[in-house]
Amino acid sequence: MNATEQEEREYLEEIKEQLALAVRRVDDSVRQFSSELREKKEYIHENQSGMDEADMVAAGQSIDRMAYTGAGAVARKRKLIKLAQSPYFGRIDFTTAKGGTMPVYIGVHSFVDERQRRGLIYDWRAPVSSMFYDFELGEASYNTPSGLIHGRIDLKRQYKIQDGRLDFMIENGVNIHDEVLQRELAKSSDDKMKNIVATIQRDQNAVIRNEEATVMVIQGVAGSGKTSIALHRIAFLLYRFRDTIGAKDILILSPNKVFADYISNVLPELGEEHIPETVMEELAADLLGNQFQFQTFFEQVSALLEQHNPAFIERIRFKSSFDFLSQLNKYLLHVENNYFAASELRVGRTVVPRQLLLDKFKGYHRVPLLKRFPLVSDDVRAYVRTAANRKLTNGEKSTIGEALTRMFRFNNVLDFYRDFYRWLGRPELFRFEPGQTLEYADVFALIYLRIRLEGISAYDHVKHLLVDEMQDYTPVQYAVLSRVFNCRKTILGDVNQTVNPYSASSAETIERVFPQADIVRLYRSYRSTMEITAFAQRITPNPNIIPLERHGQEPAIVRYNSPDEELKSLQQLAAAFKSSGSNSLGIICKTSRQAAQVAEALENQGAQLLTEDSTLFKEGVIITTAHLAKGLEFDEVIVPFASARNYQTDVDRSMLYVACTRAMHRLTLTYSGEITSFLAA
Ligand SMILES: Nc1ncnc2c1ncn2[C@@H]1O[C@H](COP(=O)(O)OP(=O)(O)OP(=O)(O)O)[C@@H](O)[C@H]1O
């Protein structure tokens, strides 16, 4: 051990002592709170009879306050204990232009020596900590609310501290992050996504700390850390704007419940509370007032995979286009200009001129069309009252309301939606009868019309919206999101990982809906070995991808004589995985039916079948579909049935790409018959 390392070990012990002291202090104050609380409760109990209502309310409030402060102390203790396990992961010695040098130790939380009023550990989100990610030795600067601070970094170190012990430390390399990053990436997977605070890369840091963007779109290749970055960005914004945004003010729109479970640990690990999340279907049901039965996205994709139906594809393709959204907007203009057949209205002896009705209707151009009628009706009543110089009877009032409503072509959103296709000259593009299930491609179009015709009570409590897997949402869905969520947004995805190529959106498509968006593109891929990344490129080439230099076994393609033999081999492969020491094996099929078949064949292997209804993600052997595996990762992936028969369409290609890019260290494809042409040599 050299002198430097000895010093660092001593410093670590010192910090741990300080942390232990801080824990004792919190314990003392918790004890004090609880005894005060007990005394207060006893006092109330004994003196209840002599207290009036105001005294009781005041006593209740003071108990609430004490309990709140006590809960805060308990949370602080939890953070201190966690910090003692791994107090910091980095250090920079920064000399300001004015000459003072300070060592800055950086950790997941800050820790202050309250007696000497100095920071012992800086939160990774603190302004000064940004230099750890942005600069090597030499000139450096960081932004503070009062301006840019210039100086130089004279020393930079990284540490791995686990269970309070220094595992290793790395000094001042030119490319300081790489070694630690390599070690992190070579590790086995977890059943939950990990935080990456110790190895955030410079381009990732810029996204995480961007405070200006109202809409941030992250288009990144598979495994580029999009989801990780987005969650760290949320943690950063919660820290930076802690006075105005809390965890409950954020909403994550995730593709499914399993994914939501997979990412659920990152923010709590970073000391933040759990963030509310929902899926598109839940949002849609709410926005449609739970009035319609509709197909889910998963069911739409399953239908595409199970059979080739050109008319169904045509409907999806059209309704996923930007042109569709433009046509809806044109139609709304047409409705506004043509569907209000105003005519002269008689109320008693008063005649309300047609032009007055038209002017009033147009005058409310900021109000959704169907919401204008009560307003115009009020105006007409006022007009009649003045003209006749008398009050109106109830009968007259309702006659006005009813007459105005009759002058508008339809009053029901579904009638307008059907009419839209007639207006387009394409009535065959809408397939729906009352009592039937609405196709998924119609759900958000109908919601969009509803918003434009009836208005919406926006989700104003949401102050930041996070949308993952952006490629799976269409322009009309984004148009809905933009109207419903009047807040900042972070939207991320990869157009190559769509599970439905007929409805995929790229960053450019999204930009058309959000012209103010800041678009960031990430090409460095961290998840998989170079061999796996190169293999996946054969399926969907992307010349821009930059794989991180990390090697492993070549992916294997194994042929069997029959599907039965193939299924039997899966049992052996699953057994081999169990003795491999890896944590997770994903057996990723194209369809739910195939996944169920594999699950049956592996019945005795303790494998878990993930379906559309699953809510939890665990380690071990997981059998699922590419659609559900999206966003997840496994140490090892097996893709069964990789035959020419099974993988032949555009949707199949997307599924195969998603499945293969879930593998971190090892990938095997099995098939019988001919290999899919996507992988043929
Ligand atoms: N800076 C980093 N340091 C350490 N690990 C990283 C870093 N960036 C990404 N990773 C790791 O790379 C893997 C992929 O990250 P993540 O799932 O966030 O990527 P993604 O772009 O959302 O992937 P996909 O779109 O393929 O689902 C994860 O294991 C993550 O921990």
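Start at 1 and go down the list; that is how both ligands and their atoms are numbered.
Neither the backbone nor the side chain of K630 comes within 4.0 Å of ligand 1, counting heavy atoms alone. When non-hydrogen atoms are compared, ligand 1 lies under 4.0 Å from the backbone of K226 as well as from its side chain. Only the side chain of L181 comes within contact range of ligand 1, with a heavy atom under 4.0 Å; no backbone atom does. Residue contacts with ligand 1 for I196 involve side-chain atoms from C-beta outward but no N, CA, C or O (heavy atoms, distance under 4.0 Å).
Counting atoms of ligand 1 from 1 in the listed order, those under 4.0 Å from a heavy atom of A222 are 26 (O). Of all atoms in ligand 1, numbered sequentially from 1 with element shown, those under 4.0 Å from a heavy atom of V221 are 21 (O). Taking every heavy atom of Q497 and a limit of under 4.0 angstrom, the matching atoms of ligand 1 come to 24 (P), 25 (O), 26 (O).
One side chain, E531 or H551, offers a donor N or O that lies under 3.5 Å from an acceptor on the other. In the model, Q300 has a side-chain atom that pairs as donor or acceptor with a side-chain atom of N500 under 3.5 Å. At a cut-off of 3.5 Å, with distance as the only test, no side-chain donor of D472 or Q477 sits close to an acceptor on the other residue.
For Y647 and F678, the ring centers are positioned 6.0 Å apart or more. Between W124 and H109, a ring centre-to-centre spacing not shorter than 6.0 Å is recorded.
At least one heavy atom of S224 sits closer than 4.0 Å to an atom of ligand 1. Using a 4.0 angstrom heavy-atom cutoff, T661 does not count as in contact with ligand 1. The closest approach between any non-hydrogen atom of L632 and ligand 1 is not below 4.0 Å. Contact between K194 and ligand 1 is absent, with no heavy atom of the residue lying under 4.0 Å from the ligand. Proximity of L185 to ligand 1 is established by a heavy-atom distance of less than 4.0 Å.
Of all protein heavy atoms, the one lying nearest to atom 10 (N) of ligand 1 is Y526 CB, 3.8 Å. Scanning the protein heavy atoms around atom 8 (N) of ligand 1, the nearest turns out to be Q204 NE2, 3.1 Å. Nearest non-hydrogen protein atom to atom 15 (O) of ligand 1 is G225 CA, 3.5 Å. For atom 29 (O) of ligand 1, the nearest protein heavy atom (residue, atom name, distance) is E633 OE2, 2.5 Å. For atom 30 (C) of ligand 1, the closest non-hydrogen atom of the protein is S228 OG, 3.8 Å.
Figure legend: R662 and F634 shown without cation-pi pairing, the cationic atom not lying both under 6.0 angstrom from the six-membered ring centre and within 45 degrees of its axis. For the pair R209 and Y133, the NZ or CZ position fails the cation-pi test of under 6.0 Å to the six-membered ring centre and within 45 degrees of the ring normal. Cation-pi geometry between K160 and F89 is not met: the NZ or CZ atom fails to fall both under 6.0 Å from the ring centre and inside 45° of the normal.
Summarising the local packing, CD of Q648 is surrounded by more than 12 heavy atoms from other residues, nucleotides or ligands at distances under 6.0 Å.
At a threshold of 4.0 Å, the pair R165-D167 does not count as salt-bridged, since none of the basic side-chain nitrogens sits closer than that to a carboxylate oxygen. The pair R91-E8 counts as a salt bridge, with a side-chain nitrogen and a carboxylate oxygen less than 4.0 angstrom apart.
In summary, of the residues considered (R242, K248, R125), a salt bridge (charged side-chain N to carboxylate O under 4.0 Å, His left out) with E272 occurs for R125 alone.
In this comparison of T227, T199, V197, the heavy atom closest to atom 3 (N) of ligand 1 sits on T199. The heavy atom nearest to atom 14 (C) of ligand 1, considering only M664, R527, K187, R662, is found in R527.
Among the atoms of M193, none of the N or O lies under 3.5 angstrom from an N or O of ligand 1.
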